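Data first, discussion second: the structure below is written as structure tokens.
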Number of protein chains: 2
Amino acid sequence: MSDGRSAQVYGGESLLFLTDEQLRQGIEAMFFAYRGFTADPDRILGEMAYGRAHHRAVHFINRAPGTTVNNLLAILGVTKQSLNRVLRTLIADGLVESRVGTSDKRERHLFLTDPGRALEGQLSDAQRARMRAAFREAGPEAVAGFKQVLEAMMDSDMRRAYTKLRDGA
Amino acid sequence: MSDGRSAQVYGGESLLFLTDEQLRQGIEAMFFAYRGFTADPDRILGEMAYGRAHHRAVHFINRAPGTTVNNLLAILGVTKQSLNRVLRTLIADGLVESRVGTSDKRERHLFLTDPGRALEGQLSDAQRARMRAAFREAGPEAVAGFKQVLEAMMDSDMRRAYTKLRDGA
DNA sequence: TTGGAATGTCAACAAGGCTGACGTATGCTG
DNA sequence: CAGCATACGTCAGCCTTGTTGACATTCCAA
């Protein structure tokens with residue numbers, strides 16, 4: 001598997017993009033790019049008492065207002081204790097509102113307040129700016145390929161969450 | 001910036017791939033895909049006393065044998081205290097060897113031992129398997145686009161490190 | 001009415017970032 | 001040679017964010 005021969009030409013089809021060397025490039029590209037991807041919001045969050053976990057929570061609450069805690073848990077892939085710690089501070093600081101469910105009163109539905117929306121906007125503006133610059137530099141076809149590969153890289157659970165968010169909130 | 005109008009058609013050129021909606025998809029794709037990207041090595045590491053930080057160190061030492069501590073520091077983007085904690089355990093466990101430099105005796109050159117190479121192989125086999133499946137599913141053109149966008153998303157420092165590793169170790 | 005689901009909370013812990021301070025060995029430069 | 005800079009290691013302490021385990025509460029549903 002790591003003998004560097006995983007991309008022999010066989011069946012008459014060139015698979016040079018599957019060499020270990022190509023795969024290693026992809027791995028390192030993901031590593032370095034993810035750093036850039038999080039750098040701008042991290043800078044903003046560093047000036048406050050918040051971290052990346054707060055950003056993620058705020059992002060997905062904004063994305064799907066009224067989502068339940070359990071729902072958010074599944075998307076973020078952390079324990080309820082971890083998420084709860086983050087949510088508690090966001091609620092205490094008045095950025096997130098938690099409303100008891102109407103049909104099922106066990107559930108809590110989460111919403112951003114105005115200040116919460118303001119923070120979300122600030123963070124995602126920064127992140128979008130970098131994404132926009134990268135998309136513009138690479139061009140539409142590259143962007144399509146970028147999304148295809150990323151989607152194929154997800155665990156099936158995450159892929160379902162991703163496409164669900166994408167195709168209709 | 002977040003008014004959803006950032007992708008008007010102007011100058012006669014369609015920029016529909018730059019809508020806030022498209023950018024948000026890219027952001028979420030990065031988030032979900034990165035989880036998949038790290039999942040397999042994390043599972044392996046979880047069974048040992050190691051974490052993601054050890055994986056990163058081992059990866060880049062394998063990638064550039066004899067690299068110095070300072071060099072690795074720059075690539076990983078962490079403090080020397082953070083890296084040192086990781087390196088100390090790897091050296092103590094006999095996975096990494098640290099040799100005093102010959103020309104400059106202040107420098108330490110880092111190498112994987114045989115057991116170190118074995119671990120690196122195990123981790124990168126797992127990570128490559130997922131990357132290979134994703135590349136195969138998406139196809140060569142998507143892979144090219146994937147790399148283009150990721151490269152464009154990096155900070156310039158990281159981009160330099162990435163291309164340097166890519167074009168000639 | 002009872003079991004289970006959804007939520008919240010407390011405690012304890014670990015990984016892995018960070019800063020600051022300090023020490024040592026080595027290299028370079030005036 | 002003296003002095004400053006560089007490379008590295010280390011100690012101490014802090015933060016965020018993840019984990020497990022235990023337990024209480026609330027409420028739906030069989």
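We name chains A, B, ... by the order of the sequence lines, and we start the count at 1 in each one. These figures come from a predicted structure and were not determined experimentally.
Checking D:dC8, D:dC28, C:dG27 against every side-chain atom of B:Val69, the shortest atom distance belongs to D:dC8. Minimum atom distance to the side chain of A:Ser98 is reached by C:dG8, of the listed C:dG8, C:dC18, D:dT26. Of the listed nucleotides (D:dC28, D:dT6, C:dG17), C:dG17 has the atom at the smallest distance from the side chain of B:Val78.
Applying the 4.0 Å criterion to OP1 and OP2 of C:dG16, one finds that B:His54 has a side-chain N or O inside that range. OP1 or OP2 of D:dC8 has not a single side-chain nitrogen or oxygen of B:Asn84 nearer than 4.0 Å. Close to D:dG18, at under 4.0 Å from its OP1 or OP2, lies a side-chain N or O of A:Arg56. Checking the phosphate oxygens (OP1, OP2) of D:dT19, a side-chain nitrogen or oxygen of A:Thr79 falls inside 4.0 Å.
Across all strands, B:Arg52 comes closer than 4.0 Å only to sugar-phosphate atoms, never to a base (heavy-atom distances). Using a 4.0 Å heavy-atom cutoff across all strands shown, B:Lys80 reaches at least one base atom of the nucleic acid. The residue B:Thr89 sits apart from the nucleic acid: no heavy atom pair falls under 4.0 Å. Using a 4.0 Å heavy-atom distance criterion, B:Arg88 is classed as a sugar-phosphate-only contact. Contacts of B:Gly46 with the nucleic acid, taken as non-hydrogen atoms under 4.0 Å apart, are absent.
A:Glu28 and B:His59 form a side-chain donor-acceptor contact under 3.5 Å, judged by distance and modelled atom types alone.
Under the 30°/60° scheme for interplanar angles, the aromatic rings of A:Tyr34 and B:Tyr34 are found to lie parallel.
For B:Phe146 and B:Phe135, the ring centers are positioned less than 6.0 Å apart.
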Go through it in stages, so that I can follow the logic: the residues are B:His55 and B:Gln127, the test is side chain to side chain contact (heavy atoms under 4.5 Å, CB included), and I'd like the CA-CA distance, side-chain angles, deciding distance and then a yes or no. CA-CA 11 Å; B:His55 181 194; B:Gln127 200 157 41; 3.3 Å; yes
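Where A:Lys105 and A:Tyr50 meet DNA chain D, the nucleotide closest to each residue was compared, and A:Tyr50 sits on the side nearer the 5' end.
The distance from atom CG of B:Asn70 to atom P of D:dA5 is 17 Å, rounded to the nearest whole Å.
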